**Student:** 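Quick one: this structure, given as structure tokens, is what I'll be asking you about.
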Amino acid sequence: MDTATARKPATEPPPSVAAAPVAVALDDVSISFAMKGQPLFKAVAPTSLHVREGEFVAIVGPTGCGKSTLLNATAGLLRPAGGTVAIFGEPLSGLNEKAGYLFQQDALMPWKTAADNVAIALEIGGTRRAEALAQAQDWLKKVGLGRFGDRYPHQLSGGQRKRVGLAQVLVRHPKILLMDEPFGPLDAQTRQIMGTLLLRLWAQDRKAVMFVTHDLEEAIALSDRVVIMSAGPEARIIGDFPIDLERPRDTAEIRLDPRFHTLHRQIWDQLKTEVAKTYGEDMPS
Amino acid sequence: MDTATARKPATEPPPSVAAAPVAVALDDVSISFAMKGQPLFKAVAPTSLHVREGEFVAIVGPTGCGKSTLLNATAGLLRPAGGTVAIFGEPLSGLNEKAGYLFQQDALMPWKTAADNVAIALEIGGTRRAEALAQAQDWLKKVGLGRFGDRYPHQLSGGQRKRVGLAQVLVRHPKILLMDEPFGPLDAQTRQIMGTLLLRLWAQDRKAVMFVTHDLEEAIALSDRVVIMSAGPEARIIGDFPIDLERPRDTAEIRLDPRFHTLHRQIWDQLKTEVAKTYGEDMPS
Amino acid sequence: EIEKPNVTLGVGGKPLLYYLPLTLAERLGYFKDAGLNVEINDFGGGSKSLQALIGGSVDGVTGAYEHTIRMQQKKQDIRAVIDLGRYPGIVVGVRKAEADKIKSVADLKGAKIGVTAPGSSTYILVQYLMRKAGMNPDDASFIGVGGGASAVAAMQNGEIDAISHLDPVISKLQDMGEINILVDTRTTEGTEQVFGGMNPAAVLYFKESFIKDNPNTVQALTNAFYRTLKWLEKATPEEVAATVPEEYWLGDKSLYIKAFNASRQSYSTDGNIDEASMKSALNLITTTDPSVDPKSIDLSKTFDGSFLAKAKGQ
Amino acid sequence: MRIHPAKLFLLQILVAVAVLAFWQVGATVPIGGDYLLPEFFFSKPWDVIARVYQLFATGTIWKHLYITLTETVLAFVIGSAGGIVIGFWFARKPTVAAVFDPYVKMVNALPRVVLAPIFMLWLGLGIWSKVALGVTLVFFIVFFNVYQGVKEVSPVVLANARMMGMSERQLFRNVYWPSALSWMFSSLHTSVGFALVGAVVGEYLGSSAGLGYLIHQAEGVFDVTGVFAGMFILAAFVLVIDFGVTRVERRLLVWRPQPAGEQN
Amino acid sequence: MRIHPAKLFLLQILVAVAVLAFWQVGATVPIGGDYLLPEFFFSKPWDVIARVYQLFATGTIWKHLYITLTETVLAFVIGSAGGIVIGFWFARKPTVAAVFDPYVKMVNALPRVVLAPIFMLWLGLGIWSKVALGVTLVFFIVFFNVYQGVKEVSPVVLANARMMGMSERQLFRNVYWPSALSWMFSSLHTSVGFALVGAVVGEYLGSSAGLGYLIHQAEGVFDVTGVFAGMFILAAFVLVIDFGVTRVERRLLVWRPQPAGEQN
Ligand SMILES: Nc1ncnc2c1ncn2[C@@H]1O[C@H](COP(=O)(O)OP(=O)(O)OP(=O)(O)O)[C@@H](O)[C@H]1O
Ligand SMILES: Nc1ncnc2c1ncn2[C@@H]1O[C@H](COP(=O)(O)OP(=O)(O)OP(=O)(O)O)[C@@H](O)[C@H]1O
Ligand SMILES: [Mg+2]
Ligand SMILES: [Mg+2]
């Protein structure tokens, strides 16, 4: 995690992405789950997705389509049934060490306080404990939890836990960020503050970001590209919309931009048909 | 849970609430947490909230303000430090047996399949297993998971698990519904479908609903009243907005109503100042 | 000069009357007088103390003479230096309720006989008796009842018809009026009836290599034990009771004295093992264990009388 | 990455062969004049195998095996049933647990060997006194684990179940029991061995048949080969019982996730 | 609803008094001609108490107690350290675990009483052969629990830690170890008793001092009072060790949530 390289001021315009190297290359990746006594469940049909260094890609899709699964494959936690995953050109075997992953579920260590949970992410890399704790405290402040450093996870609210998780991932400055509904349990205001925080960081060292969300506005406001997945099983990527809104963006203001609304409508229309398909069979009566 | 009484057609107008008995009465309820080696954390300052039978109250507030805590107290899982909780006029001691509670966290039994998780909620009450399973299957279909009945929780996506939980709570037709971000991990489309489903059910037998959400639009679209909590610690209810939109509502269409927008702006303004306070001290730099 | 003043002795159940000379030698201070510092290790049974000897964790053992014979067959050179008990001390008793049915060894056919443990000397003695009476070993069923209280319990509960055991269990059962005695090898008369002579029981034995390397130490021990035997020969039961620790009294001094009186004759008076008694011991083993070939045993290597001779000369 | 069963079996055999070879060398090749594993204490592997074969060939072993196995299975079943029931009871009644806690721990510390006479007094010399000895070992192992297992139930799942209106019985069946299962099975794997140990020690201290009796008899006449043959048969039979436990465990714990991310 | 400490203590005393009263009655009042707890096998509570007092008053007990306690603590520490290390190792190396699994279970089934002579051969008559016996009991209890405990680590927490880039060592320290702690402590509570049992059985089978030696001496001469006094002292000391374990446990497990919704 080369936090030292390419630190640029937060206000710098977004890096030119087209020329940047491909950070994550999913080629014809398909994912299946074997379950006892049931036929193989083909969650994701062969799908390709490339994310370049410095690119912020949002992934939206109906619930249960395979977004988390796709992130898991990128993280190296799940071996695809077919296709290849390459990270900065290297085929992925084992864990993806360049990536930081904010899980959809609670993943904090329950036996560590919030501050320790964040600090450990640095200590692993060799940072001295005092220094790591100081940075952790700093990060907790950034996510609005400065006074909650000595709480254990079960003493925090759902949204607070998620933010500790956010700090835990960001503090390491990974080159690739995998985020699975990071702002799900947060209120709209906090969401925007966190979004701005994330964008600032992202711009700093040209991270590649894969950002799963159910909030289309958020997806558009933050990303360079919005990728749409079809309903599962055998979900595929069925839409890929470049977001040509100017950077740097103010995540609150941008929603007033007319271009924002055009994009929103476009994507929404496609998404709607997709979600309808999810309920093709199970449509609530 | 007298599901038999007062079954009315789904299209019936909302019950007249003003005259209905009070289902949940929180009077001057305050909640504190004791933590080892730390001063008492006063999460909720003395607060009152009454919810009548057949009333749908949405609770919004900044993350970590005490929404879940308030629901826990109503459920009888947490004893308030002060004040009284009364359910249909009776002071609550022990668990609130009239309430169904959809937790913010995953709370499915990992050792039961989705169908069993729903069926058990009925079996407890004495329903025969075959009948319970049939109803469970029915409910899974309603939440769009008809084909996932024989999956174990860990084989489901986050949104799918939440919907199983929803079915688990609703299948029992409790008189009081406590829902903590029930639609959090769902995409916008599914959210609306679930919202409609919930409204239909609510109208059927005059349930009292306490509905925590971060989505203000959703809160307005669904509820009779939106209650706003201030940022913690010592959170209080600082706003109580009646939503005078007509019923029955179409949760998608209603958002186009101008009255909807007025309400939204009103509430939003108040909420914004509140959230800003949350970061009073910890405001991300 | 004594090569090894700090010696460890092993014994399988020190408080048993069977090993009384050991306790007496210790309590009378005869080891100290001989310039020895003896540590006594108590084991779960005679065979365990022998194993400890072979394994090298104790220097000598007060145990059954029979061990020296068996070990020869196992190619372990173990030698006794002094005899402590000349009669086995094993008693076969019959439960009172069965006494009119079982009047001789021959009547044991089909009976349930309690022994300390399968394979132990109490077991072997009954087998020997049965063979002599012309029976097969499987004509009766043997039940290990352990030492101590469990043996008493087995008899009390009527789970065994007869018992082959040692003191203090036998004295206790007699005292409780539970049994009638069938065979008593605590006494000269009883032993002669069974074996036609002496049959050495407890002896002090060592590894041959230990004897060779530490002759003076062995001598000192032999001296101490010989002195004890002589003391015991003349001692009154009261004196014995006063010498052993009070806990050994079976909770009741009079019972202890009774038990001691019953066993009194079985203690050796001169520490010697003559050829006839060696043969008698070998015969006991070969009769009951066909795997032991009498021809392969050199009895002269089981007992080294030279130390005893010197002890007597003092 | 699961290892192939055939390869696994081969490796297992290899370990056995290595141990036997070491044993054979230790018992027959003197190192600096001393044997590493003197034959007097360890016999020789080949002799032991021959003896095992002979015991089965002549059929003498069956009666003893049958008795010991009966005792073991009874001790195992009764001990674990007791441990489960009392463990659950204590876990659900904190007051009871707090009051009896020191006594349970005290009883657990009593040496079973010393208790044997009392069991024999009460239960006679038959199989039941041995079963009792096994039970006193198994019970505590299972008890402590079940007690802890119940306390480890996920608070959220429990709260959810209680909100559904489950009675104590239903909670037991649907929440505590399945949640404590993996704890229980962990203790059962330990217990299988201890049940057998209890039975054998019981036989060793007083009996007329059983493997413990055989071993004791062999010990009395310094027949180490017999002792080892007996122990070998014991150990082999534990595997059989444990195999059964594992089968049941697999069946009851189908719902568990495979450890995620362990696949590569 | 926590019970008040004073009330708890009162209840505990009450239980003790009830047991003693029952014992006294059983030993002195004949029921239908028979005593429920014949004095010959059970002594009488008052005698036992008097003997315990006497043992302490004359000071004879200290030497024995010291030896037995040393053995127990050593057996406990070595056995649980071994169980923890090997348990973790097996849990992290599935191949190793699969290969050795049957052997571990076989060894666990060997009656320790029979192994005693071998330990004495190797370790002599000092405390170490007794420690070894205790270790063979403690080890397996801890081992099986740690092994299972590591496998029970939450897959999500584990995946998160691995994504952070933790090495195997760091995973151990930060994830496996804390997660397996409650399993481990459960096994430690069982083990405390078994460590003592191992030490005492070792002494019982061959020694010149220690509580096991005392008990053995007393048994041989039908001194039941002595046996019970010894066992009582044993049991009391287990409580002391267990108290220490509980203290450490409390300290290490501060992070656990109080069971939610159990308050009313
Ligand atoms: N371990 C598993 N075994 C079997 N099926 C699984 C497993 N994990 C996920 N699935 C299935 O794969 C599909 C995709 O799951 P995934 O978690 O990727 O969905 P998602 O897009 O993240 O949904 P959500 O928005 O609800 O989180 C779902 O239908 C789910 O049921
Ligand atoms: N067990 C606990 N011990 C100490 N503090 C707690 C505990 N549970 C909750 N809190 C604190 O109480 C406050 C309210 O928590 P609560 O879970 O009710 O928040 P919430 O409104 O539900 O937030 P969110 O929207 O993030 O879920 C938070 O500041 C939280 O840190
Ligand atoms: Mg997901
Ligand atoms: Mg909450």
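Being a predicted model, the structure only gives us computed values, none of them experimental.
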**Student:** Can you tell which part of A:Glu181 gets under 4.5 Å to a heavy atom of chain B, answering side chain, backbone, both or neither?
**Tutor:** side chain

**Student:** Run the side-chain hydrogen bond (donor to acceptor under 3.5 Å, both in side chains) check on A:Thr190 and A:Asp187 step by step: do they pass?
**Tutor:** CA-CA 5 Å; A:Thr190 312; A:Asp187 58 288; 2.6 Å; yes

**Student:** Is it the case that the side chains of A:Thr63 and B:Arg163 hold a donor-acceptor pair, with the cut-off being a distance below 3.5 Å and no angle test?
**Tutor:** yes

**Student:** Chain B heavy atoms under 4.5 Å from A:Tyr152: which part of the residue, side chain, backbone, both or neither?
**Tutor:** neither

**Student:** Carefully, step by step, assess B:Lys67 and B:His214 under the rule side chain to side chain contact (heavy atoms under 4.5 Å, CB included).
**Tutor:** CA-CA 11 Å; B:Lys67 305 178 293 295; B:His214 282 309; 3.6 Å; yes

**Student:** Would B:Trp268 and B:Leu216 count as a side chain to side chain contact (heavy atoms under 4.5 Å, CB included) if you check the C-alpha gap in whole Å, the side-chain angles of each, and the deciding distance to 0.1 Å?
**Tutor:** CA-CA 8 Å; B:Trp268 181 243; B:Leu216 188 52; 3.9 Å; yes

**Student:** What part of A:Asp150 gets closer than 4.5 Å to chain B, counting heavy atoms only: side chain, backbone, both or neither?
**Tutor:** both

**Student:** Can you say whether B:Gln155 sits under 4.5 Å from chain A via the side chain, the backbone, both, or neither, judging by heavy atoms?
**Tutor:** side chain

